[in-house]
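Input: a single structure, listed below in structure tokens.
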Amino acid sequence: MAKVALPDGSKLEVADGTTAGQLAEQIGTGLAKAAIAARINGELVDLSTPINDNADVQIITLKDSEGINIMRHSCAHVMAEAICSIWPATKLVYGPTVEDGFYYDIDLDEPIRPSDFQRIEEKMREIVKADKPFIRTEMSRAEALDKLAGNKYKTDNIKHADGDVISFYLQGDGFEDLCRGPHLPSTGKVGSFKIMSVAGAYWHGDPTQKMLQRVYGTCWPTQKDLDDYLTRLEEAKKRDHRLLGKQLDLFSFNEAAPGFAFMHAKGMIIWNAIVDFWRAVHNKYGYQEIKTPIILNEQLWHKSGHWDNYKENMYFTNIDGVGYAIKPMNCPGGCLVYKTRQHSYREFPMRIAELGLVHRHEASGVMHGLFRVRQFTQDDAHIYCTPEQIEQEIIGVIELTFEMYRAFGFEDFHIELSTKPEKHIGSDQIWDVATNALKDALKHKAIEYKINEGDGAFYGPKIDFHIKDCLRRSWQLGTIQLDFSMPARFNLVYTDRDNTEKTPVMIHRAVLGSFERFIGILIEHYGANFPLWLAPEQVRILAISEKSNDYAKVVRDKLKDAQLRCGMDLSDEKINAKIAKAHSEKLPYMLVVGPKEARSNTVNVRIRGDKETRTVVIDDFLRTVKQEIVEKKI
RNA sequence: GCUGCUGUAGCUCAGUGGUAGAGCGCGUCCUUGGUAAGGACGAGGUCAUGGGUUCAAGCCCCAUCAGCAGCUCCA
């Protein structure tokens, strides 16, 4: 008999050789039915795995996230079988689970098209209906390599696998695939699925390798779960800043300037509101603001290291036969400003901000609305300080960053620390000092972070602040980069207490990152329902009929005098249509005015997303909304 | 940059080798109204661009440009 410990602490005795699946039956028929895999002594295994003595065993069901993932992975195998049966020339590569689904990379010369999805799904349904058991077989690494000799993808997978035991899974009596497992007991346990998309993906993520086809699918325990997921995707798409930006006339793009955004009047109102706020916060945190040229002599970029490390991303031009570059970063220009006069340690830390317009040549395939463009405005700053001041300054930047993010209602962001890349300037020792300074500051603020080895800027390590868009794609906002190299390259100096000249430390930092991207993120974050302080049109007055147009104008003038961004709908439409239109334009406040309101000097206030209305005197309305703007209420 | 898909009215999209379509929006007129879209009429097109096939191309073929999804890369 073998002793088994269950997650609730209870102990159970089972006969030697009992499998995890049989154990589930022993615990209860309900559990046995729901069981799809097990965790024995911390390791996820098939239900067919025998249990040895003194094992901790947990039966995994679809209620566990591991269970869902196992089902999705099994679904990937079902899809692989379906694809192989339709296109026998298919060579399978790798089929992992991802958030909300799975994909399978395949090597097949004939492109799979969205119009093929239906017949793949039909084939998959056949396989699921046949309820074929997943049968695991194991062999040694050498045997596996022998078995798959000639299959470069699978032998490569074996080489990357841990341990000496290599496993295969057979679905029924036909399709077999190399796989670590575990899997569902049989294909019948696969829930509701859908093929989502197909796209190219390099083998091993390496652009020099063959482009494979990556078929994405999703899989959920029930049809309702799948439907809910698809509905969620639809809802998310409605928040897409590219659609909302067009619908609400905020910005546009044109073939004449791919990757360069045209900001429209309404978009600029949001932009300027953010700039005003940004200036106020930076003033509070002791920053000065400068502006440097967009075009600078090529020699400067040789000196800064950009020529050697960033040239592929830069645009160049020529003035009177002399080479110039369009700046991709603001730091060299900032260094020139620093050098215009002497500096003392007494001035430090010197926090110099710049809303700098930079141009970077991005590959054509990576452009993405306002999130990835070729021209953007960075809310940049360079802090010049002594080595002793680094940690405190970084802490200050983190506090400023959090204060700004909070003002926009962002709570869900994560932080990454990136270390020395292959292409870099500066000694290893300098990199260690800089990296540790960033780590210490994060530790001091008790901030959790992820490390990205080799992802730093070429001049120093960095801390990045990331946020997710409506479709859960992650985007970088702010960044803090420590730089010991650029000040030396530009011979920046300050006079220290002991009257000797020393090289300052430079901290590059951006909080919102790029104004363009940040506005895109805000559009998705709010679903374009901007808080009052950001809304392009804060209030619209809707006249009941032409007879009330004059009163509407009186109200409008009063609100304009109070600095509110106020529009007026005097069109030849009924009030219902005016409300519907204002609603579709996501107006925060609608003021309906008719003869009644004109008589009493009031407005009937209708708040976005609220069916209730109330009538108030104009001055009361003004007081309330002005307070809401001052508070930046979200 | 790579793989695949897409490109038709301001927007969203139908369109089967043989006369260019709808809804919304826009303009004019009617309507003068009370809380999420009143009615009539009208204007609006180099079917992305350039080649090719064909008696005939929005539709088929090739190239280019742009967009979308993903990969790689990045704020």
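Lettering of chains follows the sequences in order, A, B, ..., and the numbering in each one begins at 1.
Side-chain N/O atoms of A/Thr615 and A/Asn604 include a donor and acceptor closer than 3.5 Å. For the residue pair A/His424 / A/Glu422, no side-chain donor-acceptor distance below 3.5 Å is found, with atom types taken as modelled. A donor-acceptor contact under 3.5 angstrom links the side chains of A/Gln481 and A/Tyr459, judged on distance only. Counting only N and O atoms by type, the side chains of A/Lys574 and A/Ser545 include no donor and acceptor under 3.5 Å apart. Checking A/Glu453 against A/Thr419 by side-chain atom types alone, a donor-acceptor pair falls below 3.5 Å.
Using atom P as the reference point in both B/G23 and B/G18, the two lie 23 Å apart (nearest Å). For the C1' atom pair drawn from B/A20 and B/A14, the interatomic distance equals 12 Å after rounding to whole Å. B/C55 sits 47 Å from B/A40 when the P atoms are compared, rounded to a whole Å. If you take atom C1' in B/G44 and the same atom in B/U3, they sit 39 Å apart, rounded to whole Å. Distance noted for atom P between B/G15 and B/G7: 10 Å (whole Å). Only the C1' atoms considered, B/G45 is 16 Å distant from B/U49, to the nearest whole Å. When the P atom is used for both B/U54 and B/A48, the distance is 23 Å, rounded to whole Å. Taking the C1' atoms as reference points, B/C5 lies 32 Å from B/U19, given to the whole Å.
Applying the 3.5 Å distance criterion, the base of B/A75 shares no donor-acceptor pair with the side chain of A/Gln481. One N or O donor and one acceptor, one from the side chain of A/Tyr202 and one from the base of B/G1, sit under 3.5 Å apart. Between the side chain of A/Asp206 and the base of B/U72, no donor-acceptor pair of N or O atoms lies under 3.5 Å. A donor N or O paired with an acceptor N or O is not found under 3.5 Å between the base of B/C73 and the side-chain atoms of A/Arg360. Counting distance only, with no hydrogens placed and no angle test, the side-chain atoms of A/Arg214 and the base atoms of B/C71 include no donor-acceptor pair under 3.5 Å. No hydrogens or angles were tested; on distance alone, nothing pairs the side chain of A/Glu362 with the base of B/G1 as donor and acceptor under 3.5 Å.
Nucleic acid contact for A/Gln375: none, since no nucleic acid atom lies under 4.0 Å from a heavy atom of the residue. A/Ser364 comes within 4.0 angstrom of a nucleotide base, judged by non-hydrogen atoms across all strands. A/Lys246 comes within 4.0 angstrom of sugar-phosphate atoms only, judged by non-hydrogen atoms across all strands, and of no base. Using a 4.0 Å heavy-atom cutoff across all strands shown, A/Leu477 reaches sugar-phosphate atoms only and no base atom. Looking at heavy-atom distances under 4.0 Å, A/Val366 makes contact with a base. A/Val358 comes within 4.0 angstrom of nothing in the nucleic acid, heavy atoms only. Using a 4.0 Å heavy-atom criterion, one finds that A/Glu573 contacts the bases of the nucleic acid, with or without backbone contacts as well. Using a 4.0 Å heavy-atom distance criterion, A/Ala201 is classed as a sugar-phosphate-only contact. Across all strands, A/Gly365 comes closer than 4.0 Å to base atoms (heavy-atom distances). Within 4.0 Å (heavy atoms only), A/Arg372 reaches at least one base atom of the nucleic acid. Here A/Pro595 lies in heavy-atom contact (under 4.0 Å) with a base. Counting any heavy atom pair closer than 4.0 Å across all strands shown, A/Lys210 reaches no nucleic acid atom.
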Quiz prompt | For RNA chain B, the dot-bracket pattern of Watson-Crick and G-U pairs whose distances stay under 3.5 Å, | for other-strand partners | solution = (((((((..((((....[..)))).(((((.......))))).....(((((..]....))))))))))))....
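Put simply, NE2 on A/His361 is 16 Å from P on B/A75, counting in whole angstrom units. Remark: C1' of B/C74 and CZ of A/Arg517 are 7 Å apart, rounded to the nearest angstrom. If you measure from atom CE of A/Met367 to atom P of B/C65, you get 12 Å, rounded to the nearest angstrom. Rounded to an integer number of Å, the gap from CD of A/Glu597 to P of B/U35 is 12 Å. Atom CD of A/Gln209 and atom P of B/G1 are 21 Å apart (whole Å). At whole-Å resolution of the value, OH in A/Tyr94 and C1' in B/C71 are 15 Å apart. Residue A/Arg599 contributes atom CZ, which lies 14 Å from atom P of B/G34 at whole-angstrom precision. Following rounding to the nearest Å, A/His241 (NE2) and B/A75 (P) show an atom-to-atom distance of 18 Å.
Residues A/Leu370 and A/Ile112 each lie close to RNA chain B; by heavy-atom proximity, the contact nearer the 5' end of the strand is made by A/Ile112. If A/Gln213 and A/Arg374 are placed on RNA chain B by their nearest nucleotide, the residue sitting closer to the 5' end is A/Gln213.
In terms of phosphate contacts, A/Lys578 brings no side-chain nitrogen or oxygen within less than 4.0 Å of OP1 or OP2 of B/G33. For A/His204 and B/C71, the shortest distance from a side-chain N or O to OP1 or OP2 is not below 4.0 Å. Between A/Arg113 and B/U6 there is no side-chain N or O to OP1 or OP2 distance below 4.0 Å.
Under the 6.0 Å distance and 45° angle rule, A/Lys152 counts as a cation-pi partner of A/Trp203. A cation-pi contact, defined as under 6.0 Å to the ring centre and within 45° of the axis, links A/Arg72 to A/Trp220.
Under the 30°/60° scheme for interplanar angles, the aromatic rings of A/Tyr315 and A/His361 are found to stand perpendicular. Ring-plane geometry between A/Phe371 and A/His241 is classed as parallel, the angle between the planes falling under 30 degrees on a 0 to 90 degree scale with a further cut at 60. Using bins of under 30°, 30° to 60° and over 60° for the plane-to-plane angle, the ring pair A/His368/A/Trp475 lands in the tilted bin. A/Tyr589 and A/Phe621 have perpendicular rings, their planes meeting at more than 60° on a 0 to 90° scale where under 30° would count as parallel. The aromatic rings of A/Phe316 and A/Trp307 sit perpendicular, their planes meeting at an angle over 60°, well past the 30° parallel limit.
Here the nucleotide nearest the side chain of A/Tyr216, chosen from B/G70, B/A66, B/A37, is B/G70. With B/A37, B/U72, B/G33 as the choices, the nucleotide that has an atom nearest any side-chain atom of A/Ser584 turns out to be B/A37. Considering only the side chain of A/Ala577, B/A37 comes nearest among B/G1, B/A75, B/A37.
Residue A/Met404 forms a side-chain contact (heavy atoms from CB on, under 4.5 Å) with just one option from A/Trp278, A/Tyr285, A/Phe410, and that option is A/Trp278.
If you check residues 537-552 of chain A against RNA chain B, the residues with a heavy atom closer than 4.0 Å are A/Ile544, A/Ser545, A/Glu546, A/Lys547, listed by number.
Closest of all the heavy-atom pairs between A/Val511 and A/Tyr405 is O-OH, 2.7 Å.
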